[in-house]
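Please read the structure below before turning to the comments.
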Amino acid sequence: MEVKTIGVVGAGQMGSGIAQVAAQAGYEVLLLDASEEALRRGLEAIRRSLAKFLEKGRITEEALEAALGRIRTTLDLEAFREADLIVEAIVEDEGAKRALFERLGALAKPEAILASNTSSIPITALGRYSGRPERFIGMHFFNPVPLMQLVEVIRGELTSAATRDVVVEVARRMGKTPLEVQDYPGFVSNRLLMPMINEAVEALREGVATKEAIDGIMRLGMNHPMGPLELADFIGLDTCLAIMEVLHRGFGDDKYRPSPLLRRMVQAGLLGRKVGRGFYVYDEKGNKVG
């Protein structure tokens, strides 16, 4: 199967990034969200990202305009009937994803592949909801999508080898490195990362050190580009909590129990950079100011 048109559901941080790299790779892109305002913000994020590439000499003006010209926006899921590959990038909630994939499985053309950008929810379950588990797969991109090289490729129990091969080729054409992992809670990336973030939150809650010291130790001692608390803000504390809950539920092991502080902060709406406050405070451009 040749992929020519890629549908992306969700124009947020991840969805807009996926749409950008797909368009830069020469694919026609359909980008969907629930409102014109969300689509406007998504397109503006893509323009800013491409402009930075242009400024650094990584792309030409012609390439920038060509990529933008390949992206069409829509509010209507019916537009995805023409897509060869549809990538979901909505909220990390199994109920919301189930409702979406039940609809997509019914309307997409029979040969189309459905993929989820989920960072933790079982691909086998999502594939079952779609009604086409053989043509369903996990395609987990990393934030920021235009800069991060990895794509975790996750086969469900019934995902076909042919589906895997198509998605691996698409990821490579996007300039990514696809690495295949098995369908376990959190896959590999978040099975390792989220417990570290959760333990950093617990260390803060217990008063082991200040947030600055915790992050500084991991940056300076472990050579991480940012500390775990700042990274949690970058990811979104609600997303971190959702993934920890998937790990806790999936493995039934209390070592994955979400920190009470993480839960309280989400309840308070302190979700991180996207709302201006989490463990740190951010200005309207997302720069840390306190």
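Position 1 is the first residue of the sequence; numbering continues from there.
Salt-bridge formation is not detected for the pair Lys109/Glu82: no Lys NZ or Arg NE/NH1/NH2 atom is positioned less than 4.0 Å from an Asp or Glu carboxylate oxygen.
More than 12 heavy atoms of other residues, nucleotides or ligands lie within 6.0 Å of CD in Glu212, so this atom counts as buried by the packing criterion. Other residues, nucleotides and ligands contribute at most 12 non-hydrogen atoms within 6.0 Å of the CD atom of Gln182. Heavy-atom neighbours of Arg277 CZ from other residues, nucleotides or ligands within 6.0 Å: at or below the threshold of 12. More than 12 heavy atoms of other shown residues, nucleotides or ligands fall within 6.0 angstrom of atom CG in Asn287.
The CG atom of Leu100 sits 8.5 Å away from the CG atom of Leu32 when rounded to the nearest 0.5 Å. For the atom pair OG1 (Thr239) and CG (Asp93), the distance works out to 11.0 Å, reported to the nearest 0.5 Å. One finds the CD1 atom of Ile197 at 10.0 Å from the CE atom of Met218 (value rounded to the nearest 0.5 Å). Between atom CZ of residue Arg135 and atom OG of residue Ser160 there is a gap of 6.5 Å, rounded to the nearest 0.5 Å. The structure places OH of Tyr256 at 14.5 Å from CZ of Arg249, a figure rounded to the nearest 0.5 Å. In this structure, Leu179 CG and His140 NE2 are separated by 12.5 Å, a value rounded to the nearest 0.5 Å.
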Handout entry: Stepwise side-chain contact (heavy atoms from CB on, under 4.5 Å) test for Ile137 and Arg164
Key = CA-CA 7 Å; Ile137 199 164; Arg164 184 269 319 276; 4.1 Å; yes
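In terms of the side-chain contact (heavy atoms from CB on, under 4.5 Å) criterion, residue partners of Glu62 (sequence neighbours excluded) are, by chain and number, Thr60. Listed by chain and number, the residues in a ring pair (Phe, Tyr, Trp, His ring centres under 6.0 Å) with Tyr184 amount to none (sequence neighbours excluded). In this structure Arg58 satisfies the salt bridge (charged side-chain N to carboxylate O under 4.0 Å, His left out) test with no other residue, sequence neighbours excluded. In this structure Tyr129 satisfies the ring pair (Phe, Tyr, Trp, His ring centres under 6.0 Å) test with no other residue, sequence neighbours excluded. Under the salt bridge (charged side-chain N to carboxylate O under 4.0 Å, His left out) criterion, Asp238 pairs with Lys274, sequence neighbours left out. In this structure, the salt bridge (charged side-chain N to carboxylate O under 4.0 Å, His left out) partners of Arg263, at least two apart in sequence or on a different chain, are Glu245. For Glu65, there are no side-chain hydrogen bond (donor to acceptor under 3.5 Å, both in side chains) partners, not counting sequence neighbours. Looking at residues two or more places apart in sequence or on another chain, you find no salt bridge (charged side-chain N to carboxylate O under 4.0 Å, His left out) involving Arg132.
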Under 3.5 Å, which donor-acceptor pairs do the side chains of residues 170-178 form with other protein atoms, sequence neighbours left out?
from   : atom 1 : to     : atom 2 : distance (Å)
Arg173 : NE     : Ala25  : O      : 2.9
Arg173 : NH2    : Ala25  : O      : 3.2
Lys176 : NZ     : Val145 : O      : 2.5
Lys176 : NZ     : Met148 : O      : 2.8
Thr177 : OG1    : Gln149 : NE2    : 2.8

Identify each donor-acceptor pair in which a side-chain atom of residues 44-57 lies under 3.5 Å from a protein atom, sequence neighbours left out, and give them as a table.
from  : atom 1 : to    : atom 2 : distance (Å)
Ser49 : OG     : Gln20 : OE1    : 2.9
Ser49 : OG     : Gln20 : NE2    : 3.0

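Residues Ser119 and Glu92 meet the side-chain proximity criterion, which asks for heavy atoms closer than 4.5 Å. Here the side chains of Leu193 and Ile235 are in contact, with some heavy-atom distance below 4.5 Å. With a 4.5 Å cut-off on side-chain heavy atoms, Leu75 and Leu39 count as touching. Pro195 is not listed as a side-chain neighbour of Lys255, based on a closest heavy-atom distance of 4.5 Å or more. You'll find the side chain of Met1 reaches within 4.5 Å of the side chain of Asp84, heavy atoms only. A heavy-atom distance below 4.5 Å is found between the side chains of Leu262 and Leu237.
Between the side chain of Glu152 and the backbone N or O of Val188 there is at least one donor-acceptor pair closer than 3.5 Å. Here the side chain of Thr73 pairs no donor or acceptor atom with the backbone of Leu31 at under 3.5 angstrom. Using modelled atom types, one side-chain atom of Thr163 and one backbone atom of Glu134 make a donor-acceptor pair closer than 3.5 Å.
In the hydrophobic clustering of ILVMFWY residues, with side-chain heavy atoms under 4.5 Å counting as a link, Leu104 and Val87 come out apart. Both Met222 and Met194 are part of a single hydrophobic cluster, where members link through side-chain heavy atoms under 4.5 Å apart. Both Val9 and Ile123 belong to a common hydrophobic cluster when Ile, Leu, Val, Met, Phe, Trp and Tyr are linked at side-chain heavy-atom distances under 4.5 angstrom. Following chains of ILVMFWY side-chain contacts shorter than 4.5 Å, one cannot reach Leu247 starting from Phe187, and the two form parts of different hydrophobic clusters. The hydrophobic clustering, which links ILVMFWY residues whose side-chain heavy atoms are closer than 4.5 Å, places Leu158 and Leu114 apart.
At a cut-off of 3.5 Å, with distance as the only test, no side-chain donor of Asn190 or Ser120 sits close to an acceptor on the other residue. Between the side chains of Ser116 and Glu88, at least one donor-acceptor pair of N or O atoms lies under 3.5 Å.
For residues 214-234, the salt bridge (charged side-chain N to carboxylate O under 4.0 Å, His left out) pairs, not counting sequence neighbours, are Glu230-Lys288. Every pair passing salt bridge (charged side-chain N to carboxylate O under 4.0 Å, His left out) that includes a residue from residues 27-41 is listed here, sequence neighbours excluded: Glu37-Arg40, Glu37-Arg41.
Counting all heavy atoms, side chain and backbone alike, Pro185 lies closest to Gly250 at CG-CA, 3.9 Å. Residue Gln24 comes nearest to Ala67 through the heavy atom pair CG-CB, 4.1 Å, listed as atom of the first residue, atom of the second, then distance. Considering all non-hydrogen atoms of both residues, Phe279 and Ala232 come closest at CE1-CB, 4.2 Å. Considering all non-hydrogen atoms of both residues, Ala115 and Leu85 come closest at CB-CD1, 4.2 Å. Closest non-hydrogen pair, Pro258 versus His248, comes out as CD-ND1, 4.0 Å. Scanning all heavy atoms of the two residues, the minimum distance from Phe80 to Val8 falls at CE2-N, 3.5 Å.
Of the residues listed (Ile154, Ile90, Leu126), the one engaging Thr118 in a side chain to side chain contact (heavy atoms under 4.5 Å, CB included) is Leu126, and it is the only one.
The aromatic rings of Tyr282 and Tyr280 sit perpendicular, their planes meeting at an angle over 60°, well past the 30° parallel limit.
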